[in-house]
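For the single chain, residues carry numbers from 1 onward in sequence order. For ligands, and for the atoms within them, numbers begin at 1 and follow the listed sequence. These values consider heavy atoms only, across backbone and side chains, with no hydrogens, waters or symmetry-generated copies.
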Amino acid sequence: MGHGASASIRILDERGGFGAPRRVSWAGGRFALGGEPREGDLDGSGLWMIPGLVDAHLHAAWQAFDAEDRVRLGEERTRRLVADGLRRTLVSGFTSVRDAGGLEPGLLAGVPTPERPRAQLSVRMIDRATADAEGGLDRAVEGALEAGARWVKLVATAGVAAPAGTGLDPVFTAAEQRDAVRRADREGAGVMVHAWGGAAIDDAVAAGALSIEHGIFMTDAQARRAAERGMTLVPTLRIYRLVRRMIDAGALPVAFRARVDEAVAEHPRAVLRARDAGLPIALGTDYGTVEQHGTGRLEFDALVEAGLAPGEALIAATSAGARLLARVGGAEEAPAGIIAEGGIADAVILRRDPREPGALSDPESVVAVILGGRRIDPAPRP
Ligand SMILES: [Zn+2]
């Protein structure tokens, strides 16, 4: 276990602000606040410290958009790309992630922390085809839980592949979503529901799912009901712009273009509806490929561009995601996402005020990433 300290550093508080500079130290994987400056302390004057970032929705093993291309990569290459992608994610400041499908526990073998962020897995995405192939949604849920899922990921509406103006038809019945939540609940697992909008969101709320993924066309009333039920919205703003770029580059079908344009235009409004309804928002990237991993701080910029105050976006990128992950995991798996006395020492030290435009995503801004009290070496492994 590493240890260290920084004197007179500004620390993110629970409301997304920074108080007067103070001393923070970490030892045995835990934070301690205060105390007299000592020799060897990092001089924190002019530095900012935030809790480790949380990516509540990524796909660490989604190394190609196309299923056939993923198979073609083969296991050894996939394993290396997963390790590389997770390491980039950690070095960029994300100390906890929730994989939204594709990452099998076996792919993490040989990549222990602190080589990667803390991770919670959903193992597989369950859509209608998966459920049918496995003899029903209940069987598919069972299978995911047996495979080690802490989160059951339901794909409850279509996504980018739907024609413009369509694609909100619910994939599962209300009863199916409810049964999936009950089944997951028995194992202490949570349910995360990919839903762009429509009745699938109502059903997820009624069923007791813990998070809505994307929620692009979520209404004000849905946001209010989700807030009352203690849910979290995980918007993924930037990925649809990346998908649009891939379409323009010929890497994805032009037929997706109209629906992706709608998503890009509408998604920021869903973020503001959630904020105004008091529905917690957690940052999610939906990143898959190794080029995308490590650029997650750009999603913070996208949240601010959507209209969140920088302090609100900092909460979305830290404690809101941490709270969501904590619904199904112990403290080691899901630290509190705040810098507090005795709290698990996951943090990012920055040389710029992260509330300034572009400061958090500035590649030069990160001074240090700390995971469980260890300072992460930013250099790539040989
Ligand atoms: Zn996803």
inquiry  = Quick check: closest heavy atoms across Val193 and Ala209, and the distance to 0.1 Å?
reply    =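 In terms of heavy atoms, the two residues are closest at CG2-CB, 3.7 Å.
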request  = Please identify each residue that fulfils side chain to side chain contact (heavy atoms under 4.5 Å, CB included) with Gln292, with sequence neighbours left out.
outcome  =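 Listed in chain order: Ile239, Leu242, Tyr287, Thr289.
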key: Ion pair check, Glu305 and Arg241, cut-off under 4.0 Å   =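 Looking at Glu305 and Arg241, the cut-off is met.
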ask   = Do Arg128 and Asp132 meet the salt-bridge criterion of a basic N to acidic O distance under 4.0 Å?
value =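 A salt bridge links Asp132 with Arg128.
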task = Could you verify whether a donor N or O on one side chain and an acceptor N or O on the other, from Arg98 and Ser211, lie under 3.5 Å apart?
result =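 Note: Arg98 and Ser211 side chains meet the donor-acceptor criterion.
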message = Can you see whether His267 engages His214 through a side-chain donor-acceptor pair at a distance of less than 3.5 angstrom?
response =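 No, because no side-chain N or O of His267 sits under 3.5 Å from a partner of the opposite role on His214.
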inquiry  = I need the protein N, O or S atoms closer than 2.8 Å to the Zn ion (ligand 1), given as residue plus atom name.
reply    =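 Protein N/O/S atoms under 2.8 Å of the Zn ion (ligand 1): His57 NE2, His59 NE2, Asp286 OD1.
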